[in-house]
Structures are given as C-alpha cells and as structure tokens.
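Residue numbers start from 1 in every chain, and the chains themselves are labelled A, B, ... in the order their sequence lines are given, proteins ahead of strands.
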Amino acid sequence: DGGITQSPKYLFRKEGQNVTLSCEQNLNHDAMYWYRQDPGQGLRLIYYSQIVNDFQKGDIAEGYSVSREKKESFPLTVTSAQKNPTAFYLCASRKGGLAGGNPSYNEQFFGPGTRLTVL
Amino acid sequence: AQKITQTQPGMFVQEKEAVTLDCTYDTSDPSYGLFWYKQPSSGEMIFLIYQGSYDQQNATEGRYSLNFQKARKSANLVISASQLGDSAMYFCAMRGDNAGGTSYGKLTFGQGTILTVHP
C-alpha cells in the first residue's frame with residue numbers, strides 16, 4: 001500500500017545528543033515537509049523540500065537539519081542546538097505542482113508521527 | 001505572510017446534530033487553498049476538505065462542508081449529523097498557490113479546535 005512511514009514511533013533522547021527521525025514515502029510525491037506539534041497547539045513548519053537535493057527552511061528551522069538525497073526519503077535531525085526538542089513530529093508529502101492552470105488541491109498526506117522526548 | 005485563526009479552543013455537540021467550526025485567515029497571496037484536517041487522539045492527520053480561493057461553490061465532502069466567505073476571509077467547517085467518532089482536534093490550514101511566492105506549497109495551520117461529541 002502507498003503511504004508515508006515514520007520511525008520510530010516513540011524516541012527518547014538524552015540532552016546534548018543528536019537524533020535522526022526517519023520519513024519515507026512511496027507515493028512518488030515531489031514535495032516533503034516536516035512539522036512540529038507541541039501539546040494543544042497547531043503544526044509549525046520546520047523544513048520542506050520541493051524537489052530532490054533541494055530544501056528550504058520553514059518557520060522554526062533553528063536546531064534542525066534535513067537532507068533530500070532521494071525522492072522517497074526526507075530525514076530530520078534534531079541537533080543539540082535545539083533547546084526544547086520534546087514534541088510530536090509529523091512528516092508530510094505532496095504531489096506538488098499545478099494542474100491545468102488552476103491550482104490542484106494536492107493535499108498533503110501525513111505520516112503517523114514520532115513523539116520525541118528529551119530526558 | 002499567512003495567518004490562520006481558530007477562535008474556538010473547544011466545542012461540544014450532541015450526536016446527530018450539526019456543528020460549525022470557525023476559521024478566519026489572512027494572506028496577501030492572490031491564489032490560495034484552504035484545508036481542514038482532523039487529528040484524533042492517535043495523532044494522525046486526516047485530510048477532510050479543500051477549498052480553492054477561486055472556487056465559486058462551497059466545497060462539500062460527505063458530511064463535511066466548507067462555508068467559504070472570501071470577502072470576510074472565513075472558511076468555516078460544517079459537520080452535519082455528528083457522530084461519536086467525530087470527536088477529535090480539527091485544524092484549519094492555508095496554502096499559498098502563487099508559484100514563486102514565499103508561501104507557495106507551504107501549509108500554515110491554526111491552533112485547532114477540540115470537538116467533543118456527546119451521545
């Protein structure tokens with residue numbers, strides 16, 4: 001079945017450690033996104049990539065890094081520079097592009113998320 | 001810059017009744033899309049409905065309809081015949097569809113509304 005997978009589901013990290021969250025999609029989508037969600041809050045964009053080997057900072061990129069070496073994969077590294085990394089992290093993908101002169105809705109499909117806790 | 005405002009932190013509705021979840025937005029993009037997502041307690045984000053800024057008619061998807069009032073910059077979600085399974089967090093989101101614009105392809109989320117359906 002096509003979809004987005006994130007691993008692990010739960011992740012515990014000691015302060016000062018870098019940790020990498022996995023995101024894989026087999027939907028052949030061009031664009032991929034990473035969001036952070038704090039309890040009772042909406043989603044905030046960390047990084048996004050519209051095409052392989054290219055990515056842009058979102059609204060809260062500090063303390064995070066990404067790579068997009070393959071279309072299917074968009075891993076997120078939470079570095080020790082991220083002061084408050086405990087949160088729920090959601091990866092999303094989107095087919096991307098416009099269709100027929102009018103914007104196709106091309107909704108973002110989300111993965112199941114990773115809950116990161118810093119001990 | 002884009003901004004989404006959801007002013008209702010929580011809403012209650014009786015099973016089988018209709019409920020309206022409010023969403024207002026602000027953007028300078030001439031073309032944009034509006035989305036509603038449902039997030040159950042499991043954390044997954046489920047796409048519900050989309051409205052394009054140039055769509056003449058309000059979007060409908062089964063029991064979901066979007067009351068789009070462009071002049072008032074509002075995009076309220078109406079859920080008809082509420083079910084117990086509708087209890088969840090609901091997010092309104094906006095995406096810029098102006099290719100080359102700073103908001104192109106990026107979703108901006110509101111703070112969300114927790115909906116509780118009573119039997």
Part of B/Gln39 within contact of chain A (heavy atom distance under 4.5 Å): side chain
Interface residues of residues 70-92 of chain B facing chain A - non-hydrogen atoms under 4.5 Å apart: B/Met89, B/Phe91
Hphob cluster co-occupancy, A/Tyr10 + A/Leu119, side-chain heavy atoms under 4.5 angstrom: yes
Nearest-0.5 Å distance that lies between atom CG in A/Leu45 and atom OG1 in B/Thr108: 8.0 Å
Within one Ile-Leu-Val-Met-Phe-Trp-Tyr cluster: B/Tyr25 and B/Leu48, side-chain cutoff 4.5 Å: yes
Options B/Gly43, B/Ser42, B/Gly110, ranked by heavy-atom pairs under 4.5 Å with chain A, top entry: B/Gly43
In one Ile/Leu/Val/Met/Phe/Trp/Tyr side-chain cluster, 4.5 Å: A/Ile46, A/Phe88: no
Separation of B/Tyr37 OH from A/Gln108 CD (nearest 0.5 Å): 5.5 Å
Salt bridge (charged side-chain N to carboxylate O under 4.0 Å, His left out) contacts touching residues 31-52 of chain A (sequence neighbours left out): A/Arg36-A/Asp38, A/Asp38-A/Arg44
Pair A/Tyr35-B/Met45, side-chain contact (heavy atoms from CB on, under 4.5 Å): steps then yes or no: CA-CA 11 Å; A/Tyr35 294 91; B/Met45 294 288 284; over 6 Å; no
Check: B/Leu107 main-chain N/O paired with A/Tyr33 side-chain donor or acceptor under 3.5 Å: no
A/Phe110 and B/Phe47: CA distance, side-chain angles, deciding distance, ring pair (Phe, Tyr, Trp, His ring centres under 6.0 Å) verdict: CA-CA 9 Å; A/Phe110 284 82; B/Phe47 166 73; over 10 Å; no
Chi angles and distances behind the side-chain contact (heavy atoms from CB on, under 4.5 Å) call for B/Lys106, A/Gln56: CA-CA 11 Å; B/Lys106 296 160 56 177; A/Gln56 287 81 38; over 6 Å; no
Neighbour count above 12 (heavy atom, 6.0 Å) for B/Ile46 CD1: yes
Shared hydrophobic cluster, A/Leu76 / A/Tyr48 (ILVMFWY, side-chain heavy atoms < 4.5 Å): no
CA sep, side-chain torsions, deciding dist, call: A/Glu107, B/Phe35, side-chain contact (heavy atoms from CB on, under 4.5 Å): CA-CA 8 Å; A/Glu107 76 271 17; B/Phe35 300 77; 3.9 Å; yes
Transitive ILVMFWY side-chain link A/Tyr47 to A/Phe109, under 4.5 Å: no
